[in-house]
Amino acid sequence: QQQVKQSPQSLIVQKGGISIINCAYENTAFDYFPWYQQFPGKGPALLIAIRPDVSEKKEGRFTISFNKSAKQFSLHIMDSQPGDSATYFCAASHSGNTPLVFGKGTRLSVIA
Amino acid sequence: GAVVSQHPSRVICKSGTSVKIECRSLDFQATTMFWYRQFPKQSLMLMATSNEGSKATYEQGVEKDKFLINHASLTLSTLTVTSAHPEDSSFYICSALARSYEQYFGPGTRLTVT
């Protein structure tokens, strides 16, 4: 049973456009929702994270939108750049010290 | 801040030998670290949770006698792949819990067993 479903599997966006990746979760006990960026051959890097007490969090060009009632959250990358081309993983956890449950990842390609 | 290192970054070993991978939190103490395995173009698969001073908790299907985990200090956890075989070839990544909820990942170790 996949607890965090991520879509799309791959995404191609024009330079300067908005990249949108969506995730849905099932476990209502989840209370922490991070996004990670991974380049080939590297470990994932924490990009941005949100707790359920807010509906949106913005850091630079990256924004998380969170819908608690729908059990969905999404990552928006504004003004997408070729350097943003990577695999993005959403994740979820609860209780502060439990392992993250990852989505299957989205391969983003930003083309000029 | 919140930097996690792994050593080695790449290792090639012969079938039947053992390999040790180190995971260090460089600028913070981590009572909890996690070990993951990642196959090409796939997501991260949790192998075990490592708590400082206690035995690791392994996920279902992960052989604890094959993947030995030791979390001897607040900044170091090690994963030893014993009697490695070609099917153990993979990308192994550790993460460390910097503070409540926030996990930071190491750069990964590419293991190739010939």
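So you know, we letter chains A, B, ... as the sequences are listed, proteins then strands, and number each from 1.
For A:Ile12, the CD1 atom counts as loosely surrounded, since its 6.0 Å shell holds 12 or fewer non-hydrogen atoms of other residues, nucleotides or ligands. B:Ile12 CD1: 12 or fewer foreign heavy atoms inside a 6.0 Å radius. Within a 6.0 Å sphere centred on NZ of B:Lys41, heavy atoms belonging to other residues, nucleotides or ligands number 12 at most. Crowding of A:Gln9 atom CD: a count of heavy atoms from other residues, nucleotides or ligands under 6.0 Å not exceeding 12. By the neighbour-count criterion of 12 heavy atoms within 6.0 Å, atom CZ of B:Arg10 is sparsely surrounded, having that number or fewer from other residues, nucleotides or ligands. Around atom NE2 of B:His7, no more than 12 heavy atoms belonging to other residues, nucleotides or ligands sit under 6.0 Å away.
Chain A forms the most heavy-atom pairs under 4.5 Å with one residue out of B:Leu46, B:Leu97, B:Thr31, and that residue is B:Leu97. Note on A:Gly41, A:Gly105, A:Ala45: by heavy-atom pairs under 4.5 Å with chain B, the leading option is A:Gly41.
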Could you walk me through whether A:Tyr32 and B:Glu102 pass the side-chain contact (heavy atoms from CB on, under 4.5 Å) check? CA-CA 9 Å; A:Tyr32 175 69; B:Glu102 291 186 6; 3.6 Å; yes
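Residue contact with chain A, scored on non-hydrogen atoms closer than 4.5 Å, involves the backbone of B:Gln42 exclusively. Both the backbone and the side chain of A:Pro44 come within contact range of chain B, each with at least one heavy atom under 4.5 Å from a heavy atom of that chain.
At a threshold of 4.5 Å between non-hydrogen side-chain atoms, the residues A:Gln38 and B:Phe105 do not count as touching. Residues B:Tyr101 and A:Leu100 fail the side-chain proximity criterion, which asks for heavy atoms closer than 4.5 Å.
In terms of modelled atom types and a separation under 3.5 Å, the side chain of B:Ser43 and the main chain of A:Gly103 share a donor-acceptor contact.
Note: the hydrophobic cluster containing A:Trp35 also contains A:Ile77 (ILVMFWY, side chain heavy atoms under 4.5 Å, direct or indirect links).
When all heavy atoms of A:Phe89 and B:Gln38 are compared, the pair lying nearest together is CZ-NE2, 3.7 Å.
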